[in-house]
Amino acid sequence: MARLGAIVRWGWSGVVVALLVGGQPALGAGRPAVPDFVVYAFSQSDVHDEDPQVYRIAPDVTIRAIGKWSTNGDEAADYNFGQIVRYHDAGVTFMGSGTASVIFPHDFPSPAVFDDMSTRDADNLPVPHDEFGFPVPARRGNIFKPAYREYLLGWARVQIDGGVDGINLDEVNAGFSGGQKYGFNGNEGFDDYALADFNRYLLAKYPQFTVADWRDRFGMTADNVPANGDFDYREYLRVNGWNRDPLNAANPLAAEWGRVTANRMYADDTSFTATYLRRYWKEMVDHLRGYARRKHGRHLLISSNGLLPYVDFNSVGMYPWNPDEQTPDYRGADYVPVVDGHLNGAKSLQANYRYLKAMNARIAGDVPVAVFIDWPNDMMTNYLNLPLAEKQDYWRIFGAEAYANGLFPSFHLKDTLNPAAEQYGMLDFFAGYTRFYRDNGRLFVRNHPEERAVSVTSSDIAASVLVQRGTGRRTVHLVNHRYQQGIVPQRDVTVAVDLPSCPRRITLYSPDLSKPVSPASTCEKGRLIVTVDRLDYYGVLAVT
């Protein structure tokens, strides 16, 4: 495969059920085109380590090949940049990365500097984050502080100079939770820089307010209002007894301040924290892209953990604490569903995936979104505890269902805590299974769910219609959820869908078939009916 900027490998063999209608892919205009990655992998190492598993499966990209999550990474000598050449020789795009918020004492020259870079509670004290479980004290960095943003940009520039194709910044807006000390109630981020910005925000939002207006609307005192340009929000919280619970519903300024959702920057959130976080995030992204362009003459890919704007692609950690993801039964996202320690393949994640796809479009625009499992959380634990065959079934069902809803699964090779995929017998499976998606990549890129009804003769099949940007091709995907500690194949499945016109040819692709097949079908006035002789895990009907 060619280096960054080229179209990835294409082919036309395999089984997914998709309907394809239309012409050739068209690259977007404006900024440099993002490559059409099809096979994403998750393989995170410390900055000096390397994962040979990557060369075995040769994904199009690893969403964060290395990560600065320790005191290593501030200097070029800390890194194993030689591996980037090996990535490129294998046709793999190399994403550098690091935490944008977790800091340690040894990251800085003195305890005083560490304190200065740390987030603050409403009493202006550094907020500890002992819940991480690190052997040394950990805190969150204050992203509102210019010196801290420059610290982040400094190690990112080191990675750019070392030759990375992109930067993935993790936990960009995580410094507002309050941590375990405050029960994650939002008592964090109240430093002098944030308070100064809050003054600016309030004055811009209420430019005509008088002292009386500030008093009547928010209960401020005459000697502590933004009209004087030096409103002390910490003092306001202390006087009213909210300094340990600033987002208390009784606080009339809590809504103006805003409640930050980790790894999300909602497009319609106009609160102070959302407005200024977007501003500083964009400044950082623009700086890094500009640096790579000026110094190295190349476009730098930007990604982040979560749903953030201004990126080339988003990579979303599937965590149990994402509060905005709800299933139809309102029990919350459950990305690795299990029952009594076994995979619950009968559950569909289509609603969750559709939510992420739609929210990504609203926040980031028309950019790809990849999903991944990661430690330390229940999802990763559930996955690692599955029997080997059920680990494979997880990807055959739920990895396929991500593709079936316009997302991309990141196949889990390695994190920095748990055994690598090869150690528990998954590497050969990944190498074989991902070949189908690579060979048939044209089926999966630039797809968006379409509100078009699909009738299927089994309630255990999740069906979806996707339309491809630039070509208008439609694909109908079928994911089999008839599962009893193993897949139960379904036979003689009838699929019916209304299309704008009848297709000339129908081809069924699937990772479960040795080659594509032409299923029986009829079509009248755009009403297409297809009979799939056998559906194992996943099928895509290509309709041309």
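By convention here, the first residue in the shown sequence is residue 1. Being a predicted model, the structure only gives us computed values, none of them experimental. Values reported hereafter were calculated over all heavy atoms of this structure, with side chains retained and with hydrogens, waters and symmetry mates removed.
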Open item on the list: Is the ring pair Tyr433/Phe429 parallel, tilted or perpendicular, if the boundaries are 30 and 60 degrees?
Closed with: parallel
Open item on the list: If you count heavy atoms of other groups shown closer than 6.0 angstrom to CZ of Arg244, is the number above 12?
Closed with: no
TODO: Would you give the length of the straight line joining atom CD1 of Ile397 to atom CD of Glu390, rounded to the nearest 0.5 angstrom?
DONE: 9.5 Å
TODO: Could you tell me which non-hydrogen atom of Ala402 sits nearest to which non-hydrogen atom of Tyr353, and how far apart they are?
DONE: N-CE1, 3.4 Å
Open item on the list: Strictly distance-based, threshold 3.5 Å: is any side-chain N or O of Asp312 a donor or acceptor partner for the main-chain N or O of Ile302?
Closed with: yes
TODO: Let me see the working for His448 and Asp366 under side chain to side chain contact (heavy atoms under 4.5 Å, CB included), right down to the final yes or no.
DONE: CA-CA 9 Å; His448 300 277; Asp366 192 14; 2.9 Å; yes
Open item on the list: Testing the basics here: between Asn344 and Phe398, what is the closest heavy-atom pair and its distance to 0.1 Å?
Closed with: O-CZ, 3.6 Å
Task: Positive for side chain to side chain donor-acceptor pair (under 3.5 Å) with His481, one of Lys347, Glu401, Gln490 - done: Glu401
Open item on the list: So does Gly73 get a backbone contact from the side chain of Asp78, meaning a donor-acceptor N/O pair under 3.5 Å?
Closed with: yes
Open item on the list: Using only atom types and a distance under 3.5 Å, with no angle test, would you say the side chain of Asn480 pairs donor to acceptor with the backbone of Val488?
Closed with: yes
- [ ] Inspect the contact between Arg56 and Asp428 and indicate whether a charged nitrogen and a carboxylate oxygen are less than 4.0 angstrom apart.
- [x] yes
Open item on the list: Nearest 0.5 Å, please: how far is CG in Asn418 from CG in Asp374?
Closed with: 9.0 Å
Open item on the list: Please report the interatomic distance OG1(Thr434) to CG(Asp439), rounded to the nearest 0.5 Å.
Closed with: 9.0 Å
TODO: Determine yes or no for a side-chain-to-main-chain donor-acceptor pair under 3.5 angstrom, with Ser464 supplying the side chain and Ala404 the backbone.
DONE: yes
Task: All ring-ring contact (aromatic ring centres under 6.0 Å, His included) counterparts of Tyr280, not counting sequence neighbours - done: Phe144
Task: Minimal non-hydrogen separation, Thr99 against Glu171, with atom names - done: OG1-OE1, 4.5 Å
- [ ] Can you spot which of Asp121, Asn142, Thr119 makes a side chain to side chain contact (heavy atoms under 4.5 Å, CB included) with Glu188?
- [x] Thr119
TODO: Starting at OG of Ser304, measure out to CG of Asn173 and round the result to the nearest 0.5 Å.
DONE: 8.0 Å
- [ ] State whether the side chain of Glu50 and the backbone N or O of Gln83 hold a donor-acceptor pair below 3.5 Å, judged by distance alone.
- [x] no
Open item on the list: Within the structure provided, determine whether Tyr335 and Val371 are in side-chain contact (heavy-atom separation under 4.5 Å).
Closed with: no
Task: Nearest atoms (heavy-atom pairs only) where Tyr538 meets Tyr403 - done: OH-CB, 3.7 Å
Task: Under 3.5 Å donor-acceptor, Asn243 side chain and Asp123 backbone - done: no
Task: CD1 on Ile487 to OH on Tyr537, rounded to 0.5 Å - done: 5.5 Å
- [ ] Compare all side-chain heavy atoms of Leu427 with those of Ile57 and state whether any distance is below 4.5 angstrom.
- [x] yes
Task: Asp46 side chain reached by Thr416 side chain, heavy atoms, under 4.5 Å - done: no
Open item on the list: A side-chain contact here means heavy atoms from C-beta on lying under 4.5 Å apart; do Lys145 and Asp116 qualify?
Closed with: yes
- [ ] Say whether, by atom type as modelled, one donor and one acceptor occur between the side chain of Asp393 and the main chain of Arg396 under 3.5 angstrom.
- [x] no
TODO: Using the test salt bridge (Lys or Arg N to Asp or Glu O under 4.0 Å), find all partners of Lys391 that sit at least two apart in sequence or belong to another chain.
DONE: none
Open item on the list: Does Leu152 form a side chain to side chain contact (heavy atoms under 4.5 Å, CB included) with Leu169? I'd like the steps, not just the answer.
Closed with: CA-CA 9 Å; Leu152 295 179; Leu169 288 165; 5.6 Å; no
Task: Pairs involving residues 38-64, ordered by first then second residue, that meet ring pair (Phe, Tyr, Trp, His ring centres under 6.0 Å) (sequence neighbours left out) - done: Phe37-Tyr40, Tyr40-Phe313, Tyr40-Phe408, Phe42-Phe372, Phe42-His412, Tyr55-Tyr87
TODO: Apply the test side chain to side chain contact (heavy atoms under 4.5 Å, CB included) to residues Ile143 and Met284: give CA-CA distance (whole Å), side-chain angles for both, the deciding distance (0.1 Å), then the verdict.
DONE: CA-CA 10 Å; Ile143 202 166; Met284 292 168 62; 4.1 Å; yes
Open item on the list: Looking at Glu422, I'd like to know if its CD atom is crowded, meaning that more than 12 non-hydrogen atoms belonging to other residues, nucleotides or ligands lie closer than 6.0 Å.
Closed with: no
TODO: Using atom types as modelled and distance alone, determine if a side-chain donor or acceptor of Asn251 lies under 3.5 Å from a backbone N or O of Asn248.
DONE: no
Task: Heavy-atom check, side chain of Lys357 versus side chain of Leu407, under 4.5 Å - done: yes
Task: For Arg120, all residues meeting salt bridge (Lys or Arg N to Asp or Glu O under 4.0 Å), sequence neighbours excluded - done: none
TODO: Would you please name every residue forming a side-chain hydrogen bond (donor to acceptor under 3.5 Å, both in side chains) with Asn382, sequence neighbours left out?
DONE: none
- [ ] Please determine, by modelled atom types, if Tyr148 and Asp191 share a side-chain donor-acceptor pair under 3.5 angstrom.
- [x] no
Open item on the list: Would you say the ring centers of Phe108 and Tyr151 fall short of 6.0 Å from each other?
Closed with: yes
Task: Phe198: ring-ring contact (aromatic ring centres under 6.0 Å, His included) partners, not counting sequence neighbours - done: Tyr233, Trp257, Phe272
Task: Spacing of OG1 belonging to Thr475 relative to CG belonging to Leu443, to within rounding of 0.5 Å - done: 7.5 Å
Task: Residue pair Asn185 / Leu247, side-chain heavy-atom distance below 4.5 Å - done: no
Task: salt_bridge(Lys282, Asp286) N-O dist < 4.0 Å - done: yes
Task: Ala122 backbone acceptor or donor facing Asn187 side chain under 3.5 Å - done: yes
Task: Contact check, side chains of Pro59 and Val54, non-hydrogen atoms, under 4.5 Å - done: yes
- [ ] Using modelled atom types only, decide if a donor and an acceptor are shared between the side chain of Asp60 and the backbone of Val39 within a distance under 3.5 Å.
- [x] yes
TODO: Could you go through the side chain to side chain contact (heavy atoms under 4.5 Å, CB included) check for Leu195 and Phe190 one step at a time?
DONE: CA-CA 6 Å; Leu195 265 59; Phe190 296 91; 4.2 Å; yes
Task: Residue pair Ser97 / Arg64, side-chain donor-acceptor N/O under 3.5 Å - done: no
Task: Salt bridge Lys68-Asp107, side-chain N to carboxylate O under 4.0 Å - done: yes
- [ ] Evaluate the ring planes of Tyr424 and Tyr383, with Trp represented by its six-membered ring, and classify them as parallel (under 30°), tilted (30 to 60°) or perpendicular (over 60°).
- [x] perpendicular
Task: Nearest heavy-atom neighbours spanning Leu277 and Met265 - done: O-CE, 3.9 Å
Open item on the list: I'd like to check Trp69 versus Gln44 (side-chain heavy atoms, cut-off strictly below 4.5 Å). Are they in contact?
Closed with: yes
Open item on the list: Restricting to non-hydrogen atoms, name the atom on Ala41 and the atom on Leu413 that form the minimum distance, rounded to 0.1 Å.
Closed with: CB-CD1, 4.1 Å
